[in-house]
Amino acid sequence: MSGPAAGTAVAATTTDVVCLGESMVTFLPSQPGRLADVPSFGRGIGGAESNVACALAAAGHRAAWVGRVGADGFGDHLVETIASYGVDTSAVRRDPFRPTGIYFRTATDRGTDTHEVAYYRAGSAASAMSPANVPYEELFAGRILHLSGITAALSGDCLALLRELTAARPGRPLVSFDVNHRPHLWRGGDADASVLLELARRADLVFVGEDEAEEAWGIVGAEAIRAAVPEPSVLVVKRGSAGATVFASGLRPGPRSSNAGGAEVVTHVPALRVDVVAAVGAGDAFAAGFLSATLRGLPVRDRVRHGHLMAAAVLTVPGDLTEPPARDHADRLVALDDDAWGTLRLGPGWTAADRASEEVRTP
């Protein structure tokens, strides 16, 4: 089978979000320093789309992850670990000829000059995903299909798959696309810029950082990004410590969306102040929080605030994944007035607090 059948429709489903992409076993350093000097590593998992699936499942949603791993011990570890978060992994395929990808990283922030990452993913099982070998019925079984630009960079077949999945067709689920520009994954030239822009314009909901839009497309500012990506019903421009700006002209699939199909509304939501432990996985957590609130049909401001809170949960722990705040706890924080939200500061352990007032500290 090469691509989904024409007119493929989404049947009644019990799945909220299906995430497709590569997940890898990641080796985390036992101490700071160069990779050459670190004596030992602890094993974890890493993958933008599987991170989103795990966060959504931990938040109480019905999430599935679709990927391709090797028929090896690392593949076993990935599938078992992701499933332990409550994620449906039944559609994951095992490749008998290609290995599961792995990578090593240093303890420093990814944005610093001293950060090192060593990837061993060339020729991985995930890079062999293509329109001919993925389970389309499972991919289209959710209310939302979440993808990222990382998959497009893995191989020509992976890019062809994303083009199939983002093609307009009747009954297509809402397609969420995180640009996730990773220059080191691309094979030279300007292909990354044009491909990522193409895929973003074919999606319904797009997440993009202001910094990566400038790096990939040479576009500066939220309004200019919207002008370059006018098609998605919802465009979320992440602006780091400045917060996020959302351009929304339709907010399906939430039942309480107030402006679906109406005029575009622009909403800016300030970021939280967070005592950062490790700046890894925050973008995936933000997407999960936003998608969670989207599924609940919450207003745009609340969707962004839930994204900020989910990101803060990850920023205050060492790894890519953590237990999110309880829903009622997060809802109380999201409901704070603008002044209280502006004085909120979150540090390690904040998700375990019982009352919103326990997180409000003086600047």
Does Arg301 pair with Asp337 as a salt bridge, N-O distance under 4.0 Å?
no

For Leu336 and Arg305, the nearest pair of non-hydrogen atoms, with its separation, is O-NH1, 2.7 Å

- Query: Can Ser155 and Asp157 be counted as having a side-chain donor-acceptor contact under 3.5 angstrom?
  - Reply: no

Residues pairing under ring-ring contact (aromatic ring centres under 6.0 Å, His included) where one sits in residues 287-313, two or more places apart or in two chains, turn out to be Phe207-Phe290, Phe286-His308

Do the side chain of Thr81 and the main chain of Leu78 share a donor and acceptor less than 3.5 angstrom apart? no

Shortest non-hydrogen pair, Val234 vs Ala248, comes out as CG2-CB, 4.2 Å

Quick note, ring-ring contact (aromatic ring centres under 6.0 Å, His included) partners involving residues 152-171, not counting sequence neighbours, are none

Note: Pro173 and Arg143 closest approach over all heavy atoms is CB-O, 3.7 Å

Note: Arg273 and Gly342 closest approach over all heavy atoms is NH2-O, 2.9 Å

In terms of heavy-atom contacts, Leu165 and Val175 come closest through O-CG2, 4.0 Å

Check ion pair Asp204-Arg172 (N to O, under 4.0 angstrom)
yes

inquiry  = Would you say that more than 12 heavy atoms from the other residues, nucleotides or ligands in this model lie under 6.0 Å from the CD of Glu231, or not?
reply    = yes

